[in-house]
There are 2 protein chains.
Amino acid sequence: MVATPRKLQEFERREADILAAALELFSGDNWESVTVVQIADRAGIGKGTVYKHFASKDEIYARLALDFFYGLLRCCHRIQDSNDPEAEMRSAFRGALQYHREHQEYSNVRQYVFRAGFWERLSKSYIESFEKLDAEFAIWANQRIERGMDAGVFSKQPLVTVRTGLDALFNGAVSQLWGNRCWMEIEPDEYIEQVVEFAINSLKAGQVE
Amino acid sequence: MVATPRKLQEFERREADILAAALELFSGDNWESVTVVQIADRAGIGKGTVYKHFASKDEIYARLALDFFYGLLRCCHRIQDSNDPEAEMRSAFRGALQYHREHQEYSNVRQYVFRAGFWERLSKSYIESFEKLDAEFAIWANQRIERGMDAGVFSKQPLVTVRTGLDALFNGAVSQLWGNRCWMEIEPDEYIEQVVEFAINSLKAGQVE
DNA sequence: GTAATTCGTGACCGCTGGTCATATAATGAC
DNA sequence: GTCATTATATGACCAGCGGTCACGAATTAC
């Protein structure tokens, strides 16, 4: 028998309920000890039902992370093209960091999926989704950097140096923004500006002003 | 009754055995599912004995991480003072990254202790140890940067900008070097050079050569 | 030699993520 | 409207986890 719209609709609604419940619990204080039963209870369904939608607890995390990163990509694509590559880069870097700041509820999800061992356990289809995401982001980033170099605004450097550095800087900054070891006595907005400044400095290094 | 040297010696030897066993297991493939029983077995002792030395499994991780970071600090202090702040900074940044590369067996330990929630569970004395470590490292780093600025080799910038950026860059680079999502098609040694280059570029930005 | 004391031990506990036989309810042929 | 069919929800159940603790072996003190 083919699933009817009625049933399908309810099924999908449940999935959304599970994801919403999981995100709420994962963003709480004791997210490390969130159990499948808690997620099921909050979604108003039985524990077994969760496993009709996700093969494991990890897959719930993976799904939430995917949603988050696709949101980030959309956020990046929203940056307008202009004739000022530096301002564009500033805006993109700042925007991406702000996106993370505004969606702190995904902080623990991101940390969880970046743990070593997570990808080994993940099913192939999810891994492919993440790889596709990486590729799309790489295209977008490379274009921006190359345009800036061609315009003479950024110093000519091997693309790999710049991408490597920007990537490390960005990830480190996100960890700091979200990390629980916030030894830095600085406001998030101010922190983001500092990091953007640092990034642009490195992109322009060697240029005589 | 006071513990005799004989007993104390054996006790300490056991502690070393536990740490060595734990590090071996944590650096393996399925480190996420390492159990206390496995650690005890490999150390050749009973499970209960582990808890005579460490209040929890987390404390074993914390102890290993402390050892690792103190090694890093010693590694930094070994850098010779010279009249060339840029070469000094290059050497320090490169050395610290190489130290991580050479001690990949601590990769999972570092990832584990940087998880949100880890510090909340950790006992006060361990937290103090980590804070002391942070402070010592900050002193060392600030001195190097300020010396470079005073000598006119690095451009004058607020110390917070530089520290912020360098810190984020460094942590991001370590994650990349150790991360399991190694999408970057680049050799570690080459990667380190690129990151060092990126860091120095940002430190010198604005300087006319 | 023997009593006192320390320390290692593994059976045990509460709880977890994940499974599966069963109960339930929506569906469509008549 | 009725009822056989079938997709779906469920929670008792399982193996295994981190952590505890009463007990016994081994060492010390005298």
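Sequence lines set the chain letters: A, B, ... in the order given, protein chains first and strands last, and positions in each chain run from 1.
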How many Å lie between NZ on B/K52 and C1' on C/dT5, as a whole number? 13 Å

Is it true that the side chains of B/Q157 and A/N201 contain a donor and an acceptor less than 3.5 Å apart? yes

Given that B/K57 and B/G48 both sit by DNA chain D, which one's nearest nucleotide is further toward the 5' end? B/K57

So, B/E187 and B/R101, do they make that salt bridge, N to O below 4.0 Å? no

Starting from P on D/dA25, measure out to CD on B/E10 and report it in whole angstrom. 18 Å

Exercise: do A/Y112 and A/D58 side chains pair donor with acceptor under 3.5 Å: yes

For B/R147 and B/N142, which I'm curious about, is there any donor-acceptor pair between the side chains at under 3.5 Å? no

Nearest-angstrom distance from the residue atom OH of A/Y51 to P of C/dC20: 13 Å

Sub-4.0 Å heavy-atom contacts from residues 23-41 of chain A onto DNA chain C, ordered by number: A/V34, A/T35, A/V36

What is the distance, rounded to the nearest whole Å, between atom CZ of B/F54 and atom C1' of D/dG18? 16 Å

Going by modelled atom types, is there a donor-acceptor pair between the base of D/dG18 and the side chain of B/K47 at under 3.5 Å? yes

Nearest whole angstrom, please: distance from the P of D/dA9 to the CZ of A/R13. 14 Å

Not counting sequence neighbours, which residues clear ring pair (Phe, Tyr, Trp, His ring centres under 6.0 Å) with B/Y51? List them please. none

Whole angstrom value for the distance that separates C1' of D/dG19 from CG of B/D58: 12 Å

To the nearest Å, how far apart are A/F11 CZ and D/dT6 C1'? 15 Å

Using whole Å, what does the distance between atom C1' of nucleotide D/dA7 and atom CZ of A/R14 come to? 12 Å

Taking atom types as modelled, find out whether A/E197 and B/T161 have a side-chain donor-acceptor pair closer than 3.5 angstrom. no

